[in-house]
Amino acid sequence: MRQKFPVMTAIAVLGFVFLYAPILSLIVFSFNESRLVTVWSGFSLKWYGELFRDTQILEAAWLSLKIAGLSASLALVIGTLAAFALVRFGRFRGRMALGVMVSAPLVMPEVIVGLSLLLLFVSMEGLIGWPGGRGLLTITIAHATFGAAFVAVVIQSRLVTMEMDLEEAALDLGARPLRVFFDVTLPVIAPALVSGWLLAFTLSLDDLVIASFVSGPGASTLPMVIFSKVRLGVSPDVNALATLIIVIVSIAVTIAALHITRSNKHAAR
Amino acid sequence: MTELSTATIPAVPPWADPEAQPFLRLDGVSKSFGGFEAVRGVSLDIYRGELFCLLGGSGCGKSTLLRMLAGFERPSAGRVLIDGEDQAGRAPHARPTNMMFQSYALFPHMSVEKNIAYGLKRDGLPRAEIATRVADILSLVQMTPFAKRKPDQLSGGQRQRVALARALVKRPKLLLLDEPLGALDRKLREETQFELKKIQAEVGITFVVVTHDQEEAMTLSSRIGVMNAGEIVQVGTPHEIYEHPHSRFVANFIGSVNCIEGRVTGREGALLRLACPDLGAEVTVESGFEAGAGERVALALRPEKIAMGRAARPGFENTVTGRIEEVAYMGNLTIFQVGLDSGARLRVTQSNTTRTDAEVPRIGETVQLQWSGAAGFVLAA
């Protein structure tokens with residue numbers, strides 16, 4: 001029954017090549033023997049060994065993970081509260097301002113966000129002596145700021161589609177408003193909370209520009225380290241690191257996909 | 001199902017008893033949203049054990065009224081008294097009411113059992129008592145085998161029962177039901193109507209039901225309050241609402257009706273004489289309607305109260321001649337559109353009492369339409 005369209009197949013193949021060729025070449029060259037990234041001279045795992053001896057990269061990776069975890073959690077709390085206020089509180093004074101401020105980081109160029117945060121941190125340090133120096137704390141705060149914007153968008157769209165009925169039913173059955181939030185609202189929006197957190201986590205892990213502005217000496221995140229290394233010439237252990245990250249992400253995505261299919265089947269029964 | 005008729009309403013219904021104390025009293029309740037008045041000055045008494053239906057089209061304010069009883073909306077004016085207690089300023093969780101939502105609003109992350117137990121847990125009841133009450137209510141709604149299921153693993157009818165059970169299990173003084181059968185398909189709805197009535201009689205809780213479905217209101221209710229544009233236009237038993245509507249709106253909303261314009265020409269005892277140009281004849285109708293000669297009124301005739309035949313039969317006060325223009329066969333009955341000489345049309349229904357259709361008049365045939373003086377009623381023009 002299904003007709004074959006050669007042109008469409010060709011376009012599809014092109015599309016896949018466009019998407020995956022860079023990643024594939026990166027993976028292939030991570031197993032390259034040679035120090036030169038563009039010349040293939042045989043299979044080797046030596047860059048993986050090199051990677052695990054490179055304390056600079058390992059420390060940067062650990063710092064990035066800490067910042068991502070902390071800032072995503074902070075962003076989750078702030079973003080959820082903001083979304084809840086915007087969707088459920090009806091009209092209130094300053095609603096408009098809150099809505100604009102919450103979504104501003106989504107459209108603001110990162111350079112400006114980074115610069116303004118840097119100025120803020122510097123002048124705050126001058127005025128009240130906090131935060132003392134720049135590093136993990138300032139990057140975490142900066143990442144939480146724009147992470148919260150993304151979380152708020154995700155949670156808002158979930159709250160809008162969530163029927164008020166559920167919360168009203170809980171109220172009607174004798175739960176006080178705070179109880180309703182923890183018993184009904186949170187569990188129902190849990191998937192959105194998870195994806196909001198993951199989004200904030202990924203964005204933080206990914207960020208180079210803002211982190212460069214607000215970090216201080218001795219606090220280099222993974223993207224900053226990779227970027228500075230690449231500037232001095234690409235070293236193959238970066239390929240190895242990238243390959244590892246790709247593998248971890250693929251496994252995580254596969255698990256998530258399997259979980260979603262299973263729960264869909266569960267729901268369809 | 002014989003116990004249906006012996007519901008909780010005594011022989012002399014409380015609304016006919018001037019001594020009876022209302023259980024729920026609405027006193028001039030209004031609600032406006034911005035400039036729009038959704039509910040206007042509703043005063044209503046509902047008695048213990050009633051199954052009261054608020055009936056009206058969409059946007060008539062019936063749901064807003066129900067939400068004010070539950071405490072989700074605050075009345076702009078007026079008072080709500082439940083069992084003598086003013087509910088002003090009481091939050092939903094502090095009211096002796098429970099509500100069954102149109103969407104059922106079952107908590108998707110909790111099993112059937114947990115959904116039902118939720119309200120009891122909030123009341124801080126001991127665990128053992130919660131377990132027995134949940135088990136009891138599950139067996140009442142025949143959902144015991146599904147206790148461990150999640151809402152998304154249930155059919156629509158099953159979800160409806162769980163929603164009912166969850167609202168009932170707290171033994172509220174007043175149960176509010178928003179379109180309780182609206183999401184069910186027709187067959188299931190008919191079965192569930194009787195079951196709802198049976199459960200209500202069993203638990204003895206006063207029900208207030210909101211519905212737009214007149215058939216549902218007729219079969220369920222002890223009394224119906226018909227609403228239009230935020231006001232209650234008539235309150236009465238299903239029989240009163242159908243046979244003695246006070247207005248054209250009510251007459252048209254419940255069932256169908258032929259409204260024929262006319263003028264009062266005189267009165268002979270209980271019989272009122274009307275001249276109706278559309279019928280081309282003077283008709284008589286039994287009515288207590290206070291109207292002087294010459295006043296414009298309307299004669300309202302339900303389609304099933306008109307007898308139709310090829311020849312006129314004795315025993316009817318009124319007879320007109322017409323021609324059949326359209327026939328709609330419904331199975332149990334047939335609907336005819338009969339054109340009169342004046343160009344007016346009457347709708348007539350006949351029960352199909354036999355399987356043969358030899359006696360049934362066909363399109364184009366001339367027929368005699370007849371009705372007694374007691375068949376119609378008079379409405380203000």
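The sequence lines fix the lettering, A, B, ..., with proteins before strands; numbering per chain opens at 1.
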Parallel, tilted or perpendicular: ring planes of A/F150 versus A/F146, cut at 30 and 60 degrees: perpendicular
Among A/V184, A/D183, A/V188, residue most engaged with chain B (heavy-atom pairs, under 4.5 Å): A/D183
Electrostatic pair B/E85-B/R90, nearest N-O below 4.0 angstrom: yes
A/D172/B/R95 salt bridge by N-O under 4.0 Å criterion: no
Ring centers of B/F107, B/Y118 separated by less than 6.0 Å: yes
4.5 Å side-chain heavy-atom contact, B/L177 and B/F101: no
Charged N-O contact under 4.0 Å between B/R67 and B/D178: no
B/R40 atom CZ: more than 12 heavy-atom contacts under 6.0 Å: yes
Region of A/E163 that comes under 4.5 Å of a non-hydrogen atom in chain B: side chain
NZ/NE/NH1/NH2 to OD/OE distance under 4.0 Å, B/R223 and B/E50: yes
Atom group of B/M110 that falls short of 4.5 Å from chain A, counting heavy atoms: side chain
Selection from A/A170, A/A190, A/P177 maximising heavy-atom pairs under 4.5 Å formed with chain B: A/A170
Flag for A/T185-A/E167: side-chain donor and acceptor within less than 3.5 Å: yes
Region of B/L176 in contact with chain A, defined by heavy-atom distances below 4.5 Å: neither
Any residue of residues 72-86 of chain A which, by heavy atoms, sits under 4.5 Å from chain B: none
Segment of B/F72 engaging chain A (4.5 angstrom heavy-atom cut-off): side chain
